[in-house]
Amino acid sequence: MNKLDNFKAGFIKENPVFALYLGLCSVLAISTTLNNAVGMGVAVIIVLTVSNVIISAIRKVTPSEIRIPVYIVVIATLVKIVEMLIQAYATDLYGTLGIFIPLIVVNCIILGRAEAFASKNNMLDSLIDGIGMGLGYTFGLIILSATRQILATGILNFSNPFTSEMMFEVRLIPADYVISLFSTPAGAFLTFAMIAGALEAYKSKASKKVKEVK
Amino acid sequence: MPGLLFLAAMGGLYAALYYFNHKTPIPAGCEVEEVSCHGCSISSCGKHPSQNYTLEVKQ
Amino acid sequence: MAELFTLFITAVLINNIVLTRFLGLCPFMGVSRKTSSALGMGGAVTFVIFGASMFTYALYHLVLNKYGLQYMDLITFILVIASFVQFTEMIIKKYSPALYKSLGVFLPLITTNCAVLYVALDNIKQGFDLIETIVYSLAVPIGFTLVLYLFSAIRERLDLSDVPAPFKGNAIAMVVAAIMALAFGGLAGLV
Amino acid sequence: MFKKALHFTVFLALLSGLAGGALAYVNSITAPIINENAIAAEKVNLVKLFPGTSEFAPLEITNDETGFIQSAYTAKDAGIAYKVQVMGYANPIVFMVGISNDGKIVGLEILDLRDTAGIGTRVEDPEFKDNVVGKTTTDPLAALSGATVTSGAVIRGINAAKAHFNDSKGIDDGGGSDDPVTPPLVFGDPVGIFSNATASAPAEILEETTDGDVTTYLVASKGYAVLEGGYEGAKPNVFKIVINTAEKKVVSMELVEFNDTTGLGDKIDHEDFWAQFEGLATDDDSIEIDVVSGATVTAISAARALRGAIGE
């Protein structure tokens, strides 16, 4: 039960993106379309899960004094492998994410989970933690990207990253009422601030309720 | 193969430098800066709470 | 010469690394509370980006590219950057406590700063020659320092103002960053 | 302390070696696929250059001194396609040029061009392509007059591809120059030496020396700078005209001092232009020359100078 709660907390209250401010760089930069968000999210889930498992597996033999360098080597290798795979099998996605794929190496969330969780827990728990945190990150990324894409273009669409085939496309706002500001960097910061503020407001409201019930 | 050896050498160099750097004590009067660093999530940072390695050495 | 100047201005103002590329945001949020520490951070970042770019540029062209090891770029760059930071920190810890106090304390923050890796990778991706690499690797951190300094000055004032409770802290900082990004967006027609 | 350090060093070195092995393995799997993808993306253009060929393989470029060639592909049994990037007027130009196995340029596809519309973009016109396509790899190529920067850049790029092709096929191009040859002159309408066009601003004889039958004149004639520019300090052009007074024929004519717009007016300083003057009869008032397209006013100043030298 406790594990499930941890899993759920990663989505809203302890969302790595909006509540913990982890991995901001790539979040803001690639959050222009839903496609990018899903592609980046999947890449991060894979790297995070596999790195969690590997680091947990070698935690007994890793000298604690140099554990950070060990993590960095493991993560860099995984990221490069994922990058090569994306380049080979999802060329379009590679084209849009570009330099932000290698930058997953320095995404704080991966090193953060390695340090805070995988280095102290067994492989199964680390696997679950990796998937949970990765999904939470992807969730945050999707919320931000979808909001920006809808406000900036009025359209929400998603295409298969491997075949570039359009899977669905809906126009939610008439073309005359879209605000292209949200596709610019300023729009990214603004959307992020609003969502983070809303989450904070929701959290404080929820904790007030708990107090009242008590 | 030479690529692997080269990479191994770089990894070794990094480990050695990392170790010796963390062995080198922080000069007197510089520790206070730790307080100025909050809100940042870089856990590889020496000032991050999870990085208690320098404290271990002191003890 | 004119092209190098354009490259410089573009990297500092128009494609500012923090406001348009969103890189280096972690220290941006963390260390931007005081103008003095913003300048210290900026100085340290400039030093590391420049030094690391020189090393990675040489590494790529003298070793990786020569022996067909391009696929090792990411891991070797990370190792070079991390080793460089450790080495520099160790040296100034030992020999210059004064320098350590002003710049060195920020060094551990930088190893996994995305801006450093970004510049190293971008130099290769854009196919820069040595001169362009030098200009670019200086321009990017100068842009970073400029924005970090401006931002910390705004934040010192922001601490005294009445911010809605849910926005206290990082959320309001993001709003400020949005307004700064708008202002810097106005410089886009400069070159 | 050092023992510990050695332990850590060896540990991370081993780990890095493992990591490198894993990377090399994945690279060996993905590299061919990535290569194929790159060709697939390029194939649209490759097929345009070599219609009828569908098998392309990347070709490694090692001996390109210019650095212009980005990549190259061999089209099976057809030739080689080069992707070239050169610096144009303000932006890089990317294009593909195909050279068939028998040493002929078979196609030119401009992929990225951001130079001045109407001037630099003329390299996309049939006029330029026809000038290039069909030539052999040992023929010199001429730039487009009036768009010399952009077309000259493209030609330097093509020359780099030609040099590589000749090198790899062992064709001797006589160490062909990298620079484009001077473009042939494009003539405009004819203008009579004694027409109204030359009457408006009489030329001035500066110096006259006679040596037997041959008289040499130095004549100042108002060109574009004085007539149209009209700015302060604008100077006329000075021509040296040699006339055989016995045969009543023009012997030669040349430009001594040029004061019009560089890059436009100075196009008249071309052997084809001067050739028109040689042999003109000075006692015939219907003689005429062709002006140079794009340098009309300067060309008329030359006609005017001749009128001045011959006299009414």
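In what follows, every chain begins at residue 1, and chains take the letters A, B, ... in the order their sequences are listed. Just so it is clear, the model here is predicted, and its values are computed rather than measured.
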Legend entry - Closest approach of B:Ala15 to D:Phe8 (non-hydrogen atoms, all atoms of both residues): CB-O, 3.7 Å
Legend entry - Residue pair B:Gly11 / D:Ser16: nearest heavy atoms and the distance that separates them: CA-OG, 3.2 Å
Inset, instruction - Could you have a look at D:Gly17, D:Gly20, D:Ala13, D:Ala24 and say which one has the most heavy-atom pairs with chain B under 4.5 angstrom? - result: D:Ala13
Inset, instruction - Return the option, out of D:Leu14, D:Thr9, D:Leu23, with the maximum number of heavy-atom pairs under 4.5 Å with chain B. - result: D:Thr9
Inset, instruction - Look at atom NZ of D:Lys135 and say whether more than 12 heavy atoms of other residues, nucleotides or ligands are closer to it than 6.0 Å. - result: yes
Inset, instruction - Output the distance between atom OH (B:Tyr14) and atom CG (D:Leu15), rounded to the nearest 0.5 Å. - result: 12.0 Å
